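Down below is the structure, laid out as structure tokens.
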Protein chains: 2
Amino acid sequence: MQRAAPQTFDRVLSSMCTRPHPAARNAAERFLATNPGDPATYQTVAALEEDALAYLAEITGLETPHGYITSGGTEANIQAVRAARNYLARDDPNVVAPESIHFSFQKAADVLGVELRTVPVDDDYRADTDAVRAAVDSNTIVVAGVAGTTEFGRVDPIPELTDIAHDAGALMHVDAAWGGFVLPFTDHEWSFSHAPIDSMTIDPHKYGQAVVPAGGLLFRERDVLDALAIDTPYLESASQASLTGTRSGAGVASAAAAMRELWPTGYRDVYETQQANAEWLYEQLVARGYETVEPELPLVAAELPESEFESLRDLGWRISRTGSGELRIVCMPHVTRDSLRAFLSDLDSLSPVRN
Amino acid sequence: MQRAAPQTFDRVLSSMCTRPHPAARNAAERFLATNPGDPATYQTVAALEEDALAYLAEITGLETPHGYITSGGTEANIQAVRAARNYLARDDPNVVAPESIHFSFQKAADVLGVELRTVPVDDDYRADTDAVRAAVDSNTIVVAGVAGTTEFGRVDPIPELTDIAHDAGALMHVDAAWGGFVLPFTDHEWSFSHAPIDSMTIDPHKYGQAVVPAGGLLFRERDVLDALAIDTPYLESASQASLTGTRSGAGVASAAAAMRELWPTGYRDVYETQQANAEWLYEQLVARGYETVEPELPLVAAELPESEFESLRDLGWRISRTGSGELRIVCMPHVTRDSLRAFLSDLDSLSPVRN
């Protein structure tokens with residue numbers, strides 16, 4: 001079997017992952033053989049997990065971090081729902097979320113045996129608070145909002161959703177898996193400091209520039225995290241809150257290293273560069289006559305005929321589409337203005353009539 | 001913040017993880033930035049996952065592999081139960097397993113809302129088949145057996161358990177997370193070729209010498225795997241069976257590389273070396289008067305006074321104990337005869353009266 005070529009990111013416009021920062025890569029390589037799931041045996045990486053959580057708390061406005069570095073946003077979202085389910089112990093639990101919620105909530109519902117009630121979004125792809133209010137009831141355990149939706153990069157009205165959640169006796173969860181490392185440089189209200197939210201997903205392995213797998217799950221209250229604990233008879237440590245058992249030391253160490261290196265200046269630079277790229281791309285697409293969604297965060301969605309989409313894929317562009325069919329370009333740190341120019345040039349070559 | 005020193009394995013006797021093989025480490029470093037959870041975007045690593053599954057199938061006697069590379073044994077065990085739960089759709093599902101089952105089954109039960117019925121083991125720490133037979137009923141979805149228990153390294157009577165499972169209309173799952181890469185060199189009946197088992201956990205990141213995270217989940221039938229699928233609207237691929245979303249390309253690539261390098265000769269060498277180490281350690285502990293469990297696989301458990309256990313930990317030995325209190329030494333590839341000699345020498349220094 002021949003040696004496979006590793007991934008290059010030159011034409012990846014669809015992923016919410018990115019090329020890791022060199023400091024993150026270096027840390028990952030040094031901790032490839034460690035297991036933060038067994039902290040008493042692997043003490044160094046356990047200390048790095050504390051560092052990583054402290055950074056995440058600072059970024060999200062949380063006074064005292066309770067949580068852990070997950071395998072990614074899906075685990076974090078599943079575990080936020082599981083914690084609420086165990087903590088609140090309602091008879092027939094349900095989760096209320098906008099239809100823009102990440103599909104990991106469908107997974108969480110199936111895995112955990114809770115009902116997922118998705119409600120419409122408004123004209124600008126944000127959670128419709130009236131629809132959320134109408135959907136919650138006394139069995140609601142979580143209201144979930146998204147701070148940076150996967151498909152359109154929108155930020156739900158987190159403070160209003162938090163009020164609705166708490167009025168119903170439910171917990172408020174914010175999924176900032178993708179948006180969490182750019183939102184601190186915007187005026188959006190999304191974090192623990194903007195509303196009394198109960199939990200948050202924020203992934204170092206997306207805009208945080210850590211290596212995969214490094215997600216983050218944070219709780220305001222220790223008691224809610226503790227609702228996840230399972231006894232661990234044979235490990236040196238006595239209980240475990242994570243969904244997985246053995247965990248990636250590489251991910252944890254790289255998350256700590258990336259945040260040490262990039263917070264806040266490096267992340268601010270990425271935000272400014274990529275927001276500018278997204279706005280530039282938006283203007284370019286509009287000028288070409290495509291129906292395009294204005295980017296609120298560095299993500300551009302545009303209507304594109306199926307044939308053009310397929311042709312661009314054939315030219316090697318790694319692109320994807322929203323559930324409703326729009327082309328979706330995620331301006332991650334590896335995306336350059338030059339690569340966007342090359343992409344537009346290929347697009348233009350397909351539809352010469354527009355030029 | 002200073003640069004943390006990475007883990008050394010010199011005194012780690014408690015872990016079921018180990019120093020990765022150089023080929024695995026190299027592959028991991030090259031694929032740190034890839035996501036097999038998005039196979040249409042990250043095609044190279046998706047192809048490596050196929051390679052890894054083909055090796056796992058060969059190792060476990062499975063004709064056609066259906067499954068995926070998980071984050072570890074816990075995810076694989078949870079997903080085996082979830083697949084059975086979804087596939088069989090019983091009213092009030094239960095799982096029957098020996099009390100020696102890994103604690104990930106407690107986690108699975110909590111996460112998935114299924115009842116876990118643990119039954120006693122026999123005098124040699126193996127599942128008691130009479131007790132299992134008495135515990136199953138028409139709501140049993142899984143009978144689980146272990147091929148290489150976490151605490152004593154025992155192999156349950158897999159063919160008999162499979163008969164019991166199938167007589168009850170349940171699926172048979174084998175947890176070979178730790179044992180799967182040494183059992184092919186023994187006479188134990190544990191694999192798809194020894195009994196019509198339905199699913200198996202086997203972890204490349206344990207004896208397989210891949211980097212963390214690289215577990216394995218295999219199904220005999222495609223339909224059972226498919227009971228895990230969730231639609232993925234915005235990815236280039238259309239559905240996802242894994243519990244996590246984004247996954248570690250490093251783990252997948254390293255698993256494929258390790259198996260390419262080591263199967264079967266390298267793994268056989270490790271088994272022979274470590275089984276000899278375990279038997280030697282057993283003799284040494286018996287000669288010193290400790291009640292010691294004879295090693296069937298490369299794992300030694302012995303009764304040790306609390307004070308000696310704590311003193312050895314103070315001397316820097318990473319050791320742990322079973323749920324019933326025995327010291328537990330796992331002879332992983334990084335464990336050498338010299339390190340065991342050094343361990344015994346430290347043990348002797350604590351109890352000079354015995355020499």
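This is a predicted model, so every value here is computed, not measured.
Residues A:Tyr125 and A:Glu151 bring no donor and acceptor atom of their side chains to less than 3.5 Å of each other. A donor-acceptor contact closer than 3.5 angstrom is absent between the side chains of B:Arg318 and A:Thr41. Side-chain atoms of B:Arg328 and B:Ser320 include a donor-acceptor pair closer than 3.5 Å.
Of the atoms belonging to A:Arg82, it is side-chain heavy atoms, and not backbone ones, that fall under 4.5 Å from chain B. If you measure heavy-atom distances from B:Asn77 to chain A, you find no contacts under 4.5 Å at all. Only the side chain of B:Ile78 comes within less than 4.5 Å of a heavy atom in chain A; its backbone stays farther off. In this structure, chain A has no heavy atom under 4.5 Å from any part of B:Arg11. In this structure, no portion of A:Ser104 lies under 4.5 Å from any heavy atom of chain B.
Top candidate by heavy-atom pairs under 4.5 Å with chain B, chosen from A:Leu228, A:Asn35, A:Thr18, A:Leu112, is A:Leu112. Contacts with chain A were tallied for B:Glu75, B:Arg19, B:Gln79, B:Arg85; B:Arg85 has the most, counting heavy-atom pairs under 4.5 Å. Taking chain B as the reference chain and counting heavy-atom pairs below 4.5 Å, the highest number among A:Ser242, A:Ala250, A:Ser324 is found for A:Ser242. Across B:Asn86, B:Val111, B:Thr74, the residue that shares the most heavy-atom pairs under 4.5 angstrom with chain A is B:Val111.
Without hydrogens or angle criteria, A:Thr149 side chain to A:Arg154 main chain gives a donor-acceptor distance under 3.5 Å. With hydrogens and angles disregarded, a donor-acceptor distance shorter than 3.5 Å links the side chain of A:His334 to the backbone of A:Val12.
With contacts defined as side-chain heavy-atom distances shorter than 4.5 Å, the pair B:Trp178/B:Val146 does not qualify. Between A:Leu32 and B:Val212, the closest side-chain pair of non-hydrogen atoms is not below 4.5 Å.
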